Amino acid sequence: MHEMVHEEAPAQSAVPRERGRAIVVTSGKGGVGKTTTTANVGAALAAGGASVVLVDADVGLRNLDIVLGLEARVRHHVLDVLENKVTLDDALVTDKRVPSLRLLAAAQTREKDDVDTVAFRDLISSLRDRFDYVLIDCPAGIEKGFVNAIAGADEAIVVCTPEVSAVRDADRVVGLLGDNRSIKLIINRLRPALVRKGKMLSVDDVNGILRLSLLGVVAEAPDVIVSTNRGEPVALDAASPVGEAYRQIAQRISGTLTAPPEVPREPTFFEKLFGSAK
Amino acid sequence: MLQFIQRFFGKPPSSATAKERLRLVLLSDHLSLAPDVVEALKHDLIEVISRYLDVDVPHCDVTFEQREKEIAMLANIPILGVHPRPMPPPPAPYAAGPGPAAAQTSVAVADPAPPAAPKPAKPKANGAVNGHRPARRKRRKGMTSGTTAPATT
């Protein structure tokens, strides 16, 4: 537990390579699962062989380190790098489970207004030279933190739950992201049984309004809560259906999976009986 | 049990309610118009048309509808007949104005998508505004004038 972060080699390939992709994970509304999505999509991309850095742009309310289970190893944060107090390599935390996954944590005791938008954009740009994927965990809201988070990203993943307020906010965020970014959608926390009973907006209801390219649909599942409790991304759990959903989302992002996303089904009787042992 | 009774008496599923609320709130968001402003717009629209045509005001219906790429304003305005008095002269901006594009931008923002084709007037309107023939007073469904206004999504 006491090894220094900067002892680990940076994720760099020897041959010249194309710049990586900078993707912001955003939603407008809080609590829809942006951080969980960032952690799991990033973990799945890295487990698939890509080099990935996750950047927590939620300065003042950092949580990505918690979801990844890396909180005890964060020594420096993004503002330390932007203010030239430490080097980028000093601040990057390497995930032990998937060594091609890195985290650049947010500052917990600072404010979003402390981050300079141009400097943050330049940081994302320099990360793109070193990693295949730069995933940016955007804070809730549409203020300075949002502006910073999207500044360096030319792609966006909008996370939306099947709720009126979440869809409305997602719609607003899509407008703010503008026409120059590729925008894709993840519908999170779907409960198939409620949809069937007419008690929850369906995938078609949500995307009938947002009309985005659908990356995937993630069901509400105890696995996600359990994995967050433990700080182990559910995407690395080969037995979890939700983990499989995240792995497929990662494959759609990388282009290795072209089949359209499936809507999660209800658990069978036996799955209900035996599926909650965790 | 309560759910069963509600279903029996035809209370809509809550997802349908959510969908309708979402539709209305997004219309308002996209138009950037408060509901009372929309009401004022409807009032003024009907008033302007009333200057030229005898309009069945209680049965006028102006709604907005989310289309693929734009919002359409649908006006269903039953026409009872032509006004006996002469047409007033067009207002000044009509002749010297900056053109139809400017009139559209006042509704809302930029979407380059072409506006949907205007809904054609229904032929069953029976020529109510054709020259001198007075229209029947009692008819509920008069000529339907469809108007579309592109707006942002």
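Each chain gets a letter, A, B and so on, in the order the sequences are listed, and its residues count up from 1. Treat the numbers as computed from the prediction; the structure is a model and nothing was measured.
Atom CD of B/Glu20 has more than 12 neighbouring heavy atoms from other residues, nucleotides or ligands inside a 6.0 Å radius. Annotation for A/Glu262: atom CD does not count as buried by contact number, only 12 or fewer foreign heavy atoms lying within 6.0 Å. The number of heavy-atom neighbours closer than 6.0 Å to NZ of A/Lys29, taken from other residues, nucleotides and ligands shown, is above 12. Summarising the local packing, CZ of B/Arg21 is surrounded by 12 or fewer heavy atoms from other residues, nucleotides or ligands at distances under 6.0 Å. A/Arg181 CZ: more than 12 foreign heavy atoms inside a 6.0 Å radius. Crowding of A/Arg110 atom CZ: a count of heavy atoms from other residues, nucleotides or ligands under 6.0 Å exceeding 12.
Between A/Arg168 and B/Asp29 there is a salt bridge, since a side-chain N of the basic residue sits under 4.0 Å from a carboxylate O of the acidic one.
Pairing each heavy atom of A/Gly198 with each of B/Pro13, the nearest pair is O-CB, 3.2 Å.
Near-neighbour residues of residues 201-209 of chain A relative to chain B, defined by a heavy atom under 4.5 Å from a heavy atom of that chain, comprise A/Leu201, A/Asp205, A/Ile209.
Looking only at side-chain heavy atoms (C-beta outward), A/Lys199 and B/Ser14 come within less than 4.5 Å of each other.
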| message | Please determine whether side chain to side chain contact (heavy atoms under 4.5 Å, CB included) holds for the pair B/His30 and A/Asp171, giving the CA-CA distance in whole Å, both sets of side-chain angles, and the decisive distance to 0.1 Å. | response | CA-CA 9 Å; B/His30 292 175; A/Asp171 176 80; 2.7 Å; yes
